[in-house]
Protein chains: 2
Amino acid sequence: MSEQSSDGSSDFCPRFHHAIELIGKRWTGAVLRALLRGPRRFNELLGAIPDLSDRLLAERLRELEGEEIVSRHVDPGPPVRVAYELTASGKELETALTCVGQWAERWVAPPKRKRTA
Amino acid sequence: MSEQSSDGSSDFCPRFHHAIELIGKRWTGAVLRALLRGPRRFNELLGAIPDLSDRLLAERLRELEGEEIVSRHVDPGPPVRVAYELTASGKELETALTCVGQWAERWVAPPKRKRTA
DNA sequence: CGGGATCCGAAAGGATACTG
DNA sequence: CAGTATCCTTTCGGATCCCG
């Protein structure tokens with residue numbers, strides 16, 4: 001009675017909550033966005049995302065591996081090279097991330113540059 | 001050269017980053033989702049979202065007001081009633097949030113109940 | 001190169017009490 | 001009802017050092 005959720009949907013959805021807080025976590029969204037464009041190596045991601053530290057990148061990457069959104073591929077050469085790429089579920093995030101990106105271009109796009117920096 | 005971003009898009013987008021970390025912040029996604037279904041009063045939101053404290057709800061709501069995604073309406077009665085609702089930009093988040101929700105239903109949906117605990 | 005382990009200050013978040 | 005203020009615990013995140 002007090003709630004009008006009688007239409008079938010509810011105000012709160014655990015799965016949605018898990019998903020949004022997963023991809024919205026500190027640097028995760030940026031990492032996922034970079035990976036949407038193809039596999040990337042650790043240092044490529046590090047270089048592509050401003051202010052992201054190596055420790056945090058490793059941490060986020062491990063979390064994403066745990067959620068099976070990202071997979072890790074090791075190329076043993078003398079110089080070890082590790083590439084990260086989206087799994088099937090990760091790739092399916094593209095639609096959602098693109099929607100967020102479109103909204104961002106329309107609404108947060110404003111010249112909010114923090115100077116020339 | 002070293003990057004194949006010559007196709008026009010780049011690995012990092014400040015606006016996207018701002019947006020994803022905004023809506024993905026701790027409880028923000030859940031609050032927005034609840035508000036998509038119509039205006040809600042403070043305590044309604046508080047009751048709808050498990051484990052969310054009043055302090056945090058107030059904080060998130062103020063952040064969203066600052067971003068002009070949510071607007072506040074005060075109904076002065078003897079019992080003060082405050083309702084929150086999405087602004088134009090907030091309503092346009094529906095598409096993005098719905099996409100996230102659809103992904104969640106397919107991938108995180110699994111009966112990941114934390115048991116009876 | 002691609003991380004893991006540790007240390008420590010900063011920030012987020014919960015609990016409680018109080019106010020209009 | 002709808003918050004605010006304070007306290008105090010937990011987590012986050014940066015710096016540094018080390019390893020395969």
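Convention: sequence-line order gives letters A, B, ...; per-chain numbering from 1.
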Closest-nucleotide mapping onto DNA chain D: is P79(B) or W27(A) further toward the 5' terminus? I mean the 5' end. P79(B)
Provide the closest heavy-atom pair for L86(A) versus K91(A) in the form atom of the first, atom of the second, distance. O-CE, 3.7 Å
At their closest point, which heavy atom of A104(B) faces which heavy atom of A19(A), and how far apart are they? CB-CB, 3.7 Å
Using the closest heavy atom to pick a nucleotide of DNA chain C for each, name whichever of R72(A) or R55(A) lands nearer the 5' end. R72(A)
Within residues 56-66 of chain A, residues whose heavy atoms come under 4.0 Å of DNA chain D: L56(A), R60(A)
From [atom1] ([X]) to [atom2] ([Y]), nearest 0.5 Å:
X      : Y      : atom1 : atom2 : value
L61(B) : S71(B) : CG    : OG    : 10.0 Å
H73(B) : R41(B) : NE2   : CZ    : 14.5 Å
L97(B) : R33(B) : CG    : CZ    : 9.0 Å

Within this structure, what is the [atom1]-to-[atom2] distance between [X] and [N], rounded to whole angstrom?
X      : N       : atom1 : atom2 : value
L46(A) : dG14(D) : CG    : P     : 11 Å
E44(B) : dG3(D)  : CD    : C1'   : 16 Å
L52(B) : dG3(D)  : CG    : C1'   : 13 Å
D54(A) : dG13(D) : CG    : C1'   : 11 Å
F42(B) : dG3(D)  : CZ    : P     : 5 Å
R40(B) : dC1(D)  : CZ    : P     : 16 Å
N43(B) : dC1(D)  : CG    : C1'   : 6 Å

Do W103(B) side-chain atoms and S89(A) backbone N/O form a donor-acceptor pair below 3.5 Å? yes
Using modelled atom types only, decide if a donor and an acceptor are shared between the side chain of R15(A) and the backbone of W107(B) within a distance under 3.5 Å. no
For chain B, the stretch of DNA chain C it reaches, first to last nucleotide, under 4.0 Å of its heavy atoms: dG13(C) to dA15(C)
Check against salt bridge (Lys or Arg N to Asp or Glu O under 4.0 Å), E65(B) and R62(B): CA-CA 5 Å; E65(B) 279 183 70; R62(B) 262 177 272 125; over 6 Å; no
Which angle, rounded to 10°, do you find between the first-five-pair axis and the last-five-pair axis of the helix from dC1(C)-dG20(D) to dG20(C)-dC1(D)? 50°
More than 12 heavy atoms of other residues, nucleotides or ligands under 6.0 Å from CD of E85(A): is that the case? yes
Could you go through the side-chain contact (heavy atoms from CB on, under 4.5 Å) check for V100(A) and F16(B) one step at a time? CA-CA 7 Å; V100(A) 172; F16(B) 168 82; 3.9 Å; yes
Does Y84(B) put a side-chain nitrogen or oxygen below 4.0 Å from OP1 or OP2 of dC1(D)? no
Between R41(B) and dA2(D), is there a side-chain N or O to OP1/OP2 distance below 4.0 Å? yes
Should the pair F42(B) and Y84(B) be assigned to parallel (<30°), tilted (30 to 60°) or perpendicular (>60°) ring geometry? tilted
